[in-house]
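Quick notes on the structure that follows.
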Amino acid sequence: MPLPSSPSLPPADLFDAPAEPPSPPSHGPAGSSRLLQGLNPEQLAAVTLPGEPALILAGAGSGKTRVLTTRIAWLMQTGQITPGGVMAVTFTNKAAKEMLTRLSAMLPVNVRGMWIGTFHGLCNRFLRAHWKLAALPQSFQILDTGDSLSAVKRIIKAMKLDEERFVPKQVSWFIAGSKEDGLRPQDVVIHDAQSQKMVEIYQAYEDQCQREGVVDFAELMLRTYELMRDHASLREHYRHRFQHILVDEFQDTNKLQYAWLKMFAGDPADGRTAAVLAVGDDDQSIYAFRGAQVGNMSDFEREYHVRQVIKLERNYRSYGNILDSANALISHNTRRLGKNLRTEAGPGEPVRVYEATSDYAEAQWLLEEAQQLHRAGTPRVEIAILYRSNAQSRVLESALFNAGVPYRVYGGQRFFERAEIKHALAYLRLTENPNDDTSFLRVVNFPTRGIGARTVEQLQDAARASGRSLYQSVGSVGGAAGSKLAGFTTLIDRLREDTRGLTLREIIERMLEASGLITFYRTEKEGQDRIENLEELVTAAEAFVTIEGFGKDAVALPVDETSPGTIAAPLPGQPEALAAVDLLPDAETGEILSPLAAFLTHAALEAGDNQAQAGQDAIQLMTVHAAKGLEFDCVFITGLEEGLCPHENAMTEADGLEEERRLMYVAITRARQRLYMSFSQTRMLHGQTRYNVKSRFLEELPESALKWITPKQQGFGSGHAQQYQQAWQRGSGPGGIVGAGRNGGWQPAAAPPPAWAAPVPTAMAQSAAKASGHGLRQGQSVFHNKFGEGVILTLEGKGDDARAQINFGRHGTKWLALSVAKLTPIE
DNA sequence: CGTTGGAACCTTTTT
DNA sequence: GGTTCCAACG
C-alpha cells in the first residue's frame with residue numbers, strides 16, 4: 001500500500017517546509033553559542049559532529065544526556081534539521097522523559113511532534129499510524145509480561161501439554177527470545193521433538209494474539225521491523241524523514257533493535273544512511289542476560305564505517321576515590337572497548353567498607369549510618385541503598401520501617417501490575433475490545449458471579465471449536481451457566497453503551513460501580529488499600545486526560561520541573577513545554593485513538609513509574625539494575641558476598657562474571673560524594689541461613705581508596721555497633737513518617753531554567769500560525785476523503801494538538817487530529 | 001461453586 | 001520468607 005505522500009504523520013509536516021536556508025554548522029544563530037557554553041572539548045566535539053554515523057563511548061557521569069539533548073538542540077538551532085527530522089531512542093520512559101524535559105528547557109520547541117521515546121513507545125506510535133498495513137485493529141492493546149504469560153498458560157492447557165515439560169515461564173521466555181532474534185515460528189530451527197512442540201506453542205500463541213487483537217512487547221518491535229522490511233514505500237518515507245537518529249544506551253540493544261535501527265536509518269550496504277549517533281558504554285552493559293548484544297557497538301562501528309569515535313571520560317559526578325575503585329574493578333574485565341574515568345574533583349572521602357555479622361546487623365548499621373548522614377544534612381532522597389536482588393530488600397525495609405525512617409522501594413510490583421488495577425483495566429479493555437480473551441478470563445468471574453471453572457472450560461471449548469473469541473461464543477453455552485455468561489456480556493455491553501461520550505474519569509467510575517469491584521473490595525477486610533489504589537487509578541486517568549488534553553478545558557500544561565513525568569497545575573504565563581503522550585493518529589485518515597484506548601495503551605507501556613507521591617524525602621531502595629542512570633550523594637552497596645554479588649546464577653552463563661562485575665561498576669559509579677560497601681557473614685535467604693564469603697570484587701578494589709570501618713567488637717542483637725555509633729551520635733533520634741512502600745516516581749534534580757530568551761526558530765513560528773488557522777468551527781460541515789461528510793461536534797486544543805470530534809453518520813463519531821486529517825469545509 | 005489450608009515454588013531486569 | 005497453585009472441604 002502506498003504511503004500518502006502528504007500529510008504523513010502528525011506534526012512532522014508542519015515543520016517539513018524548511019524555514020530558512022540552513023546555516024553553516026559552525027556559524028549558527030547567536031543562540032547556538034549559548035547552547036554550547038560549558039561543554040568540555042570532547043562533549044563539544046560530540047555535539048557538533050558532522051551529519052554522519054558516529055559512536056560515543058560515554059562513561060558513567062560524563063554528561064551523556066546533556067550531550068544528546070544539546071546535540072539535538074544544536075542541530076535545530078543551526079537549521080540543520082527540523083524537529084520532525086529527528087528520532088531519539090531510549091530504553092526507559094524515565095530516560096525519554098528526561099530528554100524531553102531538558103530539550104524543551106533548551107529550546108522553545110513543541111517536543112510532542114518529535115520522535116523521542118522508548119523503542120517500544122515509538123513502535124507503538126508507528127503501528128497506530130499504520131495499523132491497517134500491520135493487520136491490527138486500530139485500538140489494539142498491549143500485553144504486559146503477566147498478560148503474555150497467562151496467554152501462554154492458556155495455550156499449554158488447550159494443547160493438553162504437560163506444564164512440567166513446558167514450563168509456561170520458559171515457553172514465554174522462548175517466544176520473546178525468538179521474537180527478539182527476529183524469528184517467527186517458521187524461522188525457528190527445530191532440533192528435536194521438544195523444540196518442535198515449543199514452536200507449535202509459539203505458533204498457537206501468535207494465532208491467538210492475532211485473533212484477539214493484542215500484541216506483546218516483543219511483537220511491537222518485531223512487527224514494526226517487518227513492516228519496514230516489507231514495504232519499500234514506508235522505508236522510503238521514514239528514511240527520507242529521519243536524517244538524524246540518536247540511540248541512547250546502545251550497549252543494551254538486542255539483535256532485533258539493531259535490525260530495526262537499520263530499517264529506519266538505512267543499511268550502509270545500500271548507500272547513504274541517516275546520521276546515527278550511537279551513545280553507549282560497554283562497561284555498563286548489564287542486560288546481556290536478556291538478549292542485549294554489547295557486540296552491536298563494534299558491529300555498528302564497522303558496518304556504518306564510523307569515522308568518529310569520541311570517548312567521554314571526564315566524570316562530573318564522583319570524587320577520585322570512587323572513580324579509582326570503579327576503574328580498578330572494571331579493569332579486571334577483558335574485551336573492553338577501553339575507557340578510564342577521570343575527575344578533577346580531588347580524591348574526596350575514602351570508600352567505606354563494613355563487615356557485618358548478619359544481614360540483620362548489616363541493616364541495623366546501615367540504618368544508623370543513614371540516619372547520621374541525614375542529621376548531618378544529607379536529604380534522604382540523596383541516600384540510596386543498592387542490592388543485587390530484590391529478596392535482599394526485606395530485611396532492610398523492616399529495619400527502616402521499625403525505626404520510622406521514610407523510605408521508598410523502587411521496582412517490585414508496579415502500579416499498573418497490581419491485581420485490582422489489572423482487574424479494573426480488564427473491564428475497560430473489554431469495553432474497547434470484547435474479544436480480548438485474556439481480559440475476559442480475568443474478570444468473567446471476578447467479583448464472583450457464579451461462573452465456575454467448569455463453565456469457563458465449556459466456553460473455551462466452544463470458542464476453540466469455532467475459532468472465535470470467548471465473548472463471541474457465549475451463546476453456545478446453554479442452561480443456567482449460559483445465562484450467567486450472558487449476564488456478564490450484557491454487563492460489558494451495557495457498560496460500553498452507558499459510557500459512550502463520557503470523560504475518562506466518568507468511564508472509570510462507572511465501571512468500578514457496574515463491575516462490582518468497588519463493592520467487592522469494600523466488603524473485603526483487606527480491601528481498603530485496594531480501594532485506595534483504584535482511586536489512584538481514577539486520579540491517573542484524570543492526569544492522563546489533562547496531559548492528553550481530551551477534557552473540556554484542554555490546555556497544554558508545562559511539565560513540572562521538579563519531577564518530569566508528573567504534570568503540575570498549569571503555571572501561569574509559562575509557554576507550553578509539553579512532553580506528553582501523543583494522540584496516535586492514523587497516517588492516512590488522521591483518526592486518533594479514543595481517550596480510553598489511549599489510556600490503556602499508556603498503562604501497558606508505562607507500567608506506572610510516575611504514580612507515587614514524589615517530593616517526599618525518603619531513602620531510596622533499589623536493585624543495582626534499577627539504579628542505572630541515577631546518581632546520589634551517598635550510596636550504600638549491600639550484600640557484597642560471593643553467590644550474591646557475583647550472583648551464583650550468573651556464574652553458569654558465558655560472560656556471567658564479567659557482567660556481574662559491570663553491575664558492580666554501575667553501582668559504584670552512582671555515588672557522588674560518599675560510597676559505602678557492606679557484606680555480612682551470615683544471611684537469611686529463602687528461609688535458610690547462608691554463610692557467605694566476602695565478594696571477590698572487594699579484593700579487586702585499590703586498598704588506598706578504601707577504609708575499613710568495622711568496629712572491633714561485634715556483638716549480639718541490635719546493640720552490636722554501639723561503640724561505633726557513639727562516636728556519631730548527637731542530636732535527635734529517628735523521626736519521620738512511615739515508609740512509603742513500593743512503587744514510585746522519581747525525584748530527579750531540577751531542570752535548568754528554560755532558555756526562553758533564545759530566538760524562536762522561524763519554523764516554529766510558521767507552524768504555530770499554520771496550525772491554529774484551521775478555520776473550523778463547531779457545527780460546521782466538513783468532508784473527509786475516507787469518512788465522507790460529517791459535522792463537527794467539538795473542537796479542542798490548539799496548534800499541533802488541535803483536534804475535532806466529528807460525526808460522520810454511518811462511519812460513526814471520530815476524533816481527528818487536524819494537523820493530519822484532510823478536511824474540506826462545506827458551506 | 002467458593003473458600004481454605006498446605007505444599008511447592010522462586011528468588012538479576014525492562015518495555 | 002513470601003507467593004502461588006492446587007486439592008480437599010464446606
Side-chain angles (χ1 to χ4, degrees), chain A residues 89-96 117-124 142-150 153 163-164 167-169 173 176 179-180 215-222 224 249 252-254 256-257 285-292 359 386-395 397-398 410-414 416-417 419 445-456 480-481 484 524 601-609 622-629 639 643-653 656 659-660 662-664 666-667 683-690:
Chain A
V89 206
T90 64
F91 275 86
T92 63
N93 291 306
K94 210 189 337 166
T118 62
F119 275 103
H120 294 89
L122 295 182
C123 287
N124 178 51
I142 298 163
L143 300 183
D144 66 23
T145 317
D147 296 331
S148 166
L149 183 65
S150 51
K153 276 186 195 157
E163 286 205 12
E164 305 265 293
V167 182
K169 255 196 190 142
W173 186 80
K179 289 187 183 185
E180 276 158 14
V215 297
D216 60 29
F217 288 132
E219 186 69 28
L220 285 169
M221 290 286 326
L222 181 53
T224 300
E249 307 276 14
D252 287 337
T253 53
N254 61 31
L256 178 57
Q257 282 156 340
S285 158
I286 54 175
Y287 287 109
F289 74 93
R290 63 164 211 243
D359 52 347
L386 309 185
Y387 34 84
R388 175 65 234 272
S389 65
N390 279 310
Q392 288 167 254
S393 78
R394 192 142 290 117
V395 61
E397 277 186 72
S398 70
Y410 288 85
Q413 244 214 342
R414 311 177 103 68
F416 285 114
E417 283 164 11
N445 197 33
F446 192 93
T448 51
R449 42 177 75 88
I451 300 172
R454 204 48 201 275
T455 311
V456 172
K484 278 179 186 164
E524 223 195 24
T601 298
H602 166 82
L605 278 178
E606 296 185 41
D609 46 19
M622 65 193 84
T623 64
V624 180
H625 281 95
K628 187 168 168 203
L644 210 57
C645 181
H647 200 279
E648 53 204 357
N649 292 1
M651 306 300 278
T652 54
E653 285 155 41
E659 177 142 322
E660 294 295 298
R662 292 192 291 267
L663 205 47
M664 176 86 183
V666 168
R683 184 174 295 276
M684 273 285 269
L685 215 57
H686 321 150
Q688 268 185 334
T689 305
R690 301 170 31 141

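All values reported here derive from a predicted model rather than from experimental measurement. Just so it is clear: chains get the letters A, B, ... in the order the sequence lines come, proteins before strands, and each one is counted from 1.
Rounded to a whole Å, the CD atom of A:E249 is 13 Å from the P atom of B:dT14. The distance between atom NZ of A:K169 and atom C1' of B:dC10, rounded to the nearest whole Å, is 7 Å. Summarising the geometry, the separation between CZ on A:R662 and P on B:dT13 is reported as 17 Å, rounded to the nearest angstrom. In this structure, A:R290 atom CZ and B:dT14 atom C1' are separated by 4 Å, rounded to whole Å. Look at CG on A:L605: it is 10 Å from P on B:dT15, rounded to the nearest Å. Taking atom CD of A:Q392 as the reference point, atom P of B:dT13 lies 10 Å away to the nearest angstrom. In this structure, A:E180 atom CD and B:dT15 atom C1' are separated by 9 Å, rounded to whole Å. Regarding A:L149, its CG atom lies at a distance of 13 Å from the P atom of B:dC10, rounded to whole Å.
The existence of a salt bridge linking A:R662 and A:E659 is confirmed by a sub-4.0 Å separation between a basic side-chain nitrogen and an acidic carboxylate oxygen.
Residue-level contact check: A:D216 touches neither bases nor backbone, having no heavy atom under 4.0 Å from any strand. Residue-level contact check: A:K153 touches the backbone only, with heavy atoms under 4.0 Å from sugar-phosphate atoms and none from bases. Here A:F91 lies in heavy-atom contact (under 4.0 Å) with sugar-phosphate atoms only.
For A:F289, taking side-chain heavy atoms from C-beta onward, the closest of the listed nucleotides B:dT11, B:dT15, B:dT13 is B:dT13. Comparing B:dC1, B:dT15, C:dG1 by their closest approach to the side chain of A:R454 singles out B:dC1. Nearest nucleotide to the A:T448 side chain, out of C:dG1, B:dT3, B:dT13: B:dT3. Side chain of A:A626, nearest nucleotide from B:dT11, B:dT14, B:dG2: B:dT14.
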Would A:L685 and A:L644 count as a side-chain contact (heavy atoms from CB on, under 4.5 Å) if you check the C-alpha gap in whole Å, the side-chain angles of each, and the deciding distance to 0.1 Å? CA-CA 10 Å; A:L685 215 57; A:L644 210 57; 3.8 Å; yes
In sequence, state the C-alpha distance, the side-chain angles, and the governing distance for A:T118 and A:F91, and then conclude on side-chain contact (heavy atoms from CB on, under 4.5 Å). CA-CA 5 Å; A:T118 62; A:F91 275 86; over 6 Å; no
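When ring centroids are compared, A:F289 and A:H647 stay outside the 6.0 Å threshold.
Of the residues near DNA chain B, A:L663 and A:N445, the one whose nearest nucleotide (by heavy atom distance) lies more toward the 5' end is A:N445.
At a cut-off of 3.5 angstrom, the base of B:dT13 holds no donor-acceptor pair with the side chain of A:T623.
For the OP1/OP2 pair of C:dG2 and a distance below 4.0 Å, the side-chain nitrogens and oxygens of A:N390 include no atom meeting the criterion. OP1 or OP2 of B:dC1 has at least one side-chain nitrogen or oxygen of A:T455 nearer than 4.0 Å.
Using a 30° and 60° split on the angle between ring planes, A:H625 and A:Y287 fall in the tilted class, from 30° to 60°.
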